[in-house]
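Since the structure comes first, as structure tokens, the remarks are kept for the end.
Treat the numbers as computed from the prediction; the structure is a model and nothing was measured.
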Amino acid sequence: MFQKPNPTTPPPGRRPAERPRVLRGRGPVTALAAALLGVTAAGAAWSATPAAARTTTAIRTCAVSDLYLSTGAKEGAAGSLYWPVRFTNTSTNKCALRGYPGVSVLDGAHHRIGPAAKHSGRAYGTVTLSPGHSATAVLRTTNGPVGGPCERTGTYLQVYPPASRTATLVPAPWKTCSGVFQTGPVNTDGGF
């Protein structure tokens, strides 16, 4: 005959059904109180943080109107010619530069001579310039026709500061040789 199933014994291969737990004394009011306590604790922790730590003051990027560009002294070493381009903050506020400038050589009629400078590949960081302070980006070519001819000598360097779409002209008799024309990033250590 057939056995009558036992309601407390599960059929073979099944686990017994769990009964829902009933938590006595913990209703919606208790859950709401616990949630409010958590929000209040989080708010207290946030308000304990000093206001200076919560806000960050970003220094704006230097615009062409903030800068005076000039060249430093040319230096030769190991078949290369290096020439620093100096970026001086002439504004009354701090500003920042980060990365490589765009640099081209122009003739007296403002026509480009040869290709624009390539990046040297050096790592860089953000340079913050206080009013009156300077940073440089160093240009490099070969010291004469080492591996190829030289371009004609330019009259100006057309320089776009990093992150700028506006250029400025710097009077500079620059001659690119051997197809080598590179720029280093803006930095304060004078490195290429």
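S130 pairs by the side-chain contact (heavy atoms from CB on, under 4.5 Å) definition with K94, H133, not counting sequence neighbours. With sequence neighbours excluded, the residues satisfying ring pair (Phe, Tyr, Trp, His ring centres under 6.0 Å) with H110 are Y156. Residues passing the side-chain contact (heavy atoms from CB on, under 4.5 Å) test with T90, sequence neighbours excluded: Y68. Listed by chain and number, the residues in a side-chain hydrogen bond (donor to acceptor under 3.5 Å, both in side chains) with T126 are R98 (sequence neighbours excluded). The side-chain contact (heavy atoms from CB on, under 4.5 Å) check on A109 picks up D107, H111, with sequence neighbours excluded. Partners of T166 by side-chain contact (heavy atoms from CB on, under 4.5 Å), not counting sequence neighbours, listed by chain and number: V64, S164. Listed by chain and number, the residues in a salt bridge (charged side-chain N to carboxylate O under 4.0 Å, His left out) with R60 are D66 (sequence neighbours excluded). Evaluation of the ring pair (Phe, Tyr, Trp, His ring centres under 6.0 Å) rule for Y100 yields H119, Y124 as partners, not counting sequence neighbours.
The two residues K74 and P173 make their nearest non-hydrogen contact at NZ-O, 3.2 Å. The two residues G184 and P101 come nearest to each other via the heavy atoms O-CD, 3.6 Å. Taking each heavy atom of G191 and V138 in turn, the nearest pair found is O-CG2, 3.7 Å. Residues P162 and T61 share a closest heavy-atom pair of O-CG2, 4.2 Å.
Residue pairs meeting the disulfide bond (SG atoms under 2.5 Å apart) criterion with at least one member in residues 75-118, sequence neighbours excluded, are C62-C95. For residues 152-192, the set of pairs meeting the disulfide bond (SG atoms under 2.5 Å apart) definition, not counting sequence neighbours, comprises C150-C177. Listed by first and then second residue, the side chain to side chain donor-acceptor pair (under 3.5 Å) pairs that reach into residues 181-192 are R122-D189, R140-Q182, sequence neighbours excluded.
Under a 4.5 Å side-chain heavy-atom cut-off, the cluster of Ile, Leu, Val, Met, Phe, Trp and Tyr residues that includes L69 is completed by L67, W83, V85, F87, L97, V103, V105, I113, V127, L129, L139, L157, V159, V170, W174, F181, V186.
In terms of modelled atom types and a separation under 3.5 Å, the side chain of T141 and the main chain of T176 share no donor-acceptor contact. A distance-only check finds a donor-acceptor pair linking the side chain of S178 to the backbone of V146 [under 3.5 Å].
Going from atom CZ of R86 over to atom OG of S70 covers 4.5 Å, rounded to the nearest 0.5 Å.
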